Asker: 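Just passing along the structure, written as structure tokens.
FYI, side chains are in, hydrogens and waters are out, and symmetry mates aren't considered; it's all heavy atoms of this structure. Counting starts at 1 for both ligands and their atoms, in listed order. Computed from a predicted structure; not experimentally measured.
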Amino acid sequence: MPTSLRKQLREPPNLADWAAARASFSWDDARRHLDGLPDGRGLNLAWEAVGRHAGSTAASRVALRWLGKRGDRRDLTYAELWRSVGRFANVLGHLGVQPGERVYTLLGRVPELYVSALGALAARAVYCPLFSAFGPEPTRQRLALGDARVLVTTPALYERKVAPYRDSLPGLRHVLLVGGDAPQRTLSWDSTMTAASDRFVVPPTQPEDFALLHFTSGTTGAPKGAMHVHDAAVMHHTTGRLVLDLRPGDVYWCTADPGWVTGTSYGILAPLTNGVTTIVDEGDLDVERWYDLLQRERVNVWYTAPTAIRMLMRSGAEPVRARDLGALRFLASVGEPLNPEAVVWSQEAFGMPFHDNWWQTETGGILIANYASMDVRPGSMGRPLPGVEAGIVRRTEAGVEVVTAPGERGELAIRAGWPSMFRGYLGQAERYAQCFADGWYLSGDLATRDADGYFWFVGRADDVIKSAGHLIGPFEVESALLEHPAVVEAGVIGKPDPLALEIVKAFVALRPGFEPSDDLARELVGFARKRLGPAVAPREIAFLPELPRTRSGKILRRLLKARELGLPEGDTSTLETGAG
Ligand code: ATP
Ligand code: MG
């Protein structure tokens, strides 16, 4: 069936009219989509995600579909998932874990991670995920910073990444191991779970109770621990419904690892609060396998990241056309700027664009988005969520000044007070306070807003290049370079220069079949000049086999810069190519 016809037959999106929804939106109305704990006992994330569905007609719907690395698969219905969650919450109770104490996971994408996360929330402990590919030191730092009480991991990960320094963490009282034997000072997940009852009553939970601890990606420096509360459920549900257009019963796939905030907010909480079937894929990115998965599981909504999309683009549109992806209804992307090239490509390949959206670990949920009902402006992050006021501001001595002229650059700021706003940086009260001025949360990202209210990402404040009186965002330069057929990835930095203050330098990775050469470098400079003009185009090009990235896949410009300047590389604990 042609895409246009398929689209006509579909119901209108949940957010059919952005302007109308914005005009009538209130957080109180949004809250009414949740149930709250029975008997007015408050609001609990695990209850909203699973518990309430387990006692409804959705009980037998698949909540979690796990696709193992070796081709095995396991379905957990909402009712089954809730029983496991209850068991784990009871385990925590037997272990004496108190409300507010931290329960960590260091696990790959396995069902036990999801049960631990939700069980910790149900028990009013605080859940903190650690990315399983972290090496021992980043793992230790984060366990220590958050004063972990319980860790759920595997025997192999424990031996390599935790056992060597366990004595330095007296607060870490219990380690539960999934699969295999439990050596001394650890417990077996299987036997503790089997011994516990699956009947659990969620204790009274206040919306402001501390629920989640998420470390930032560490793109610009040492990672910070952002603290989130149970009230974030309102945001997870609302953005799942209005931005990702989730409908009960949809099949949804978020490719982000649950070791990061996207994989938790949008791999667990937003989909489950919306009653969808969420796919958990244990394997790593593989273009053919990913497309097979989309086809076989009849995925309706797919949420992924630019770094993955760039990988897919390398293989062209053929593998997409060779499959029946007729169930796909909505594609979304987050984590880094989505280059216009990627939007144009997806329109060609899938017959629909990737919808970019913007948020941060600190914001706990999507704040700016391209919605299903809106025309995508390639390269734009979209417009603010109903209920959210976004602005462009400049910091002044006294506070901030709001920039109203369309197209002017400034810092992206959000009026404080949306439900999933972080409530602190763990142990860094002053740093938290510095994020706010005159009632605005200051994001540290630079952006512009056009006359129609679309926001455009310029760069992180730390990455912006000042060259001969111009302020240049690396993203616009990288996007222009990506339009050249030889370029698959580009990272752009400011290189100190005695005359211009900084000059624009680009690091590029080439598509297979292209070789680095001075001629190609000159050609790329010329190509960029035509698009960007001489003031903004790179003056220098260097070729790299691949760009350094954070473990969550973001281009690490600070590292390119440190290497360029021969400086120490700083905190590299989140580096993709670091010790793992
Ligand atoms: P750290 O704060 O430790 O340096 P980080 O900012 O990369 O790391 P995250 O909270 O995971 O940690 O990432 C949020 C940031 O990612 C945003 O502030 C922004 O710079 C970037 N980002 C996310 N989504 C988008 C998007 N759609 N377009 C452009 N940038 C985005
Ligand atoms: Mg950040």
Side-chain angles (χ1 to χ4, degrees), residues 129 131 138 141-142 145 212-226 228 239 243 256-266 303-309 331-340 342-343 354-370 376-385 390 411-414 420-422 425-426 428 431-432 434-435 441-448 454-464 473-476 478-479 548-559 570-576:
F131 187 44
Q141 277 175 5
R142 289 166 178 78
L145 265 168
L212 297 159
L213 174 63
H214 280 300
F215 288 95
T216 61
S217 298
T219 312
T220 49
K224 302 150 277 196
H228 290 281
T239 49
V243 179
D257 190 275
W260 304 106
V261 71
T262 305
T264 308
S265 291
Y266 293 98
Y303 195 21
T304 187
T307 174
I309 298 168
L331 312 179
S333 163
V334 74
E336 277 189 296
L338 183 64
N339 314 91
V343 177
F354 270 104
H355 295 73
D356 189 17
N357 55 61
W358 177 92
W359 61 291
Q360 308 178 307
T361 309
E362 289 86 344
T363 73
I366 301 167
L367 294 181
I368 296 180
N370 288 282
V376 172
R377 297 193 175 171
S380 162
M381 310 190 283
R383 298 203 271 196
L385 184 77
E411 185 164 357
L412 177 57
I414 313 291
S420 65
M421 189 179 87
F422 70 140
Y425 281 131
L426 194 74
Q428 295 181 289
R431 184 166 203 169
Y432 181 69
Q434 284 163 1
C435 294
Y441 163 67
L442 306 172
S443 72
D445 284 346
L446 299 185
T448 64
Y454 284 75
F455 284 79
W456 301 76
F457 185 76
V458 172
R460 293 160 182 274
D462 296 1
D463 286 342
V464 160
F475 173 53
E476 60 184 324
E478 290 161 8
S479 290
R549 284 194 236 142
T550 63
R551 287 208 167 270
S552 53
K554 302 177 191 214
I555 296 172
L556 263 172
R557 294 178 193 81
R558 74 172 154 93
L559 205 77
D571 183 309
T572 51
S573 64
T574 48
L575 234 186
E576 174 82 28

Asker: First locate atom OG1 of Thr550, then atom CG of Leu559, and finally report the distance between them rounded to the nearest 0.5 Å.
Answerer: 11.0 Å
Asker: Output the list of atoms in ligand 1 that are nearer than 4.0 Å to some heavy atom of Thr216, sorted by atom number.
Answerer: 1 (P), 2 (O), 3 (O)
Asker: Between Ile366 and Leu385, is the side chain to side chain contact (heavy atoms under 4.5 Å, CB included) condition met? List the steps.
Answerer: CA-CA 8 Å; Ile366 301 167; Leu385 184 77; 5.9 Å; no
Asker: Is the Phe131 ring parallel, tilted or perpendicular to the Trp260 ring (thresholds 30°, 60°)?
Answerer: tilted
Asker: Going from NE2 on His355 to CE on Met381, what distance comes out if it is rounded to the nearest 0.5 angstrom?
Answerer: 16.0 Å
Asker: For atom 4 (O) of ligand 1, what's the nearest protein heavy atom and its distance?
Answerer: Thr220 OG1, 2.4 Å
Asker: Could you find the nearest protein heavy atom to atom 29 (C) of ligand 1 and give me its residue, atom name and distance?
Answerer: Pro337 N, 3.2 Å
Asker: Considering only non-hydrogen protein atoms, determine which one is nearest to atom 11 (O) of ligand 1 and report residue, atom name and distance to 0.1 Å.
Answerer: Ser217 OG, 2.7 Å
Asker: Relative to the heavy atoms of Asn357, which atoms of ligand 1 are at a distance of less than 4.0 Å?
Answerer: 24 (N), 26 (C), 27 (N)
Asker: Write out the residue and atom name of the closest protein heavy atom to atom 7 (O) of ligand 1, then the distance separating them to 0.1 Å.
Answerer: Thr219 OG1, 2.4 Å
Asker: To the closest 0.5 Å, what do you measure between CG (Leu338) and CZ (Phe354)?
Answerer: 8.0 Å
Asker: With a heavy-atom distance limit of 4.0 Å, tell me whether Thr361 approaches ligand 1 through its side chain, its backbone, both, or neither.
Answerer: both
Asker: Looking only at protein heavy atoms, identify the closest one to atom 21 (C) of ligand 1 and say how far it is in Å.
Answerer: Gly335 O, 3.5 Å
Asker: For Thr262 and Tyr303, which I'm curious about, is there any donor-acceptor pair between the side chains at under 3.5 Å?
Answerer: no
Asker: Side chain, backbone, both or neither: which part of Lys224 comes within less than 4.0 Å of ligand 1 when only heavy atoms are counted?
Answerer: side chain
Asker: Checking side chain to side chain contact (heavy atoms under 4.5 Å, CB included) for the pair Thr264/His214: CA distance, chi angles, key distance, verdict?
Answerer: CA-CA 9 Å; Thr264 308; His214 280 300; 3.4 Å; yes
Asker: Is there a donor-acceptor pair closer than 3.5 Å between any side-chain N or O of Thr239 and the backbone N or O of Val243?
Answerer: no
Asker: What atoms of ligand 1 come closer than 4.0 angstrom to any heavy atom of Val334?
Answerer: 24 (N)
Asker: Once you restrict to heavy atoms under 4.0 Å, what part of Val261 touches ligand 1? Side chain, backbone, both or neither.
Answerer: neither
Asker: For atom 26 (C) of ligand 1, grab the closest protein heavy atom and report residue, atom and distance to one decimal in Å.
Answerer: Glu336 O, 3.4 Å
Asker: Classify the contact between Trp359 and ligand 1 as side chain, backbone, both or neither, using a heavy-atom distance cut-off of under 4.0 Å.
Answerer: backbone
Asker: Which ligand 1 atoms, with their elements, are less than 4.0 angstrom from a heavy-atom of Lys554?
Answerer: 7 (O), 9 (P), 11 (O), 12 (O), 13 (O), 14 (C), 15 (C), 16 (O)
Asker: For Glu336 and Arg549, run salt bridge (charged side-chain N to carboxylate O under 4.0 Å, His left out): C-alpha distance rounded to whole Å, both residues' side-chain angles, the deciding distance at 0.1 Å, then the answer.
Answerer: CA-CA 11 Å; Glu336 277 189 296; Arg549 284 194 236 142; over 6 Å; no
Asker: To which protein heavy atom is atom 17 (C) of ligand 1 closest, and what is the distance rounded to 0.1 Å?
Answerer: Asp445 OD2, 3.1 Å
Asker: Please work out whether any backbone atom (N, CA, C, O) or any side-chain heavy atom from C-beta onward of Arg460 is under 4.0 Å from ligand 1, and answer side chain, backbone, both or neither.
Answerer: side chain
Asker: Taking it one step at a time, do Tyr441 and Phe422 satisfy side chain to side chain contact (heavy atoms under 4.5 Å, CB included)?
Answerer: CA-CA 10 Å; Tyr441 163 67; Phe422 70 140; 3.6 Å; yes
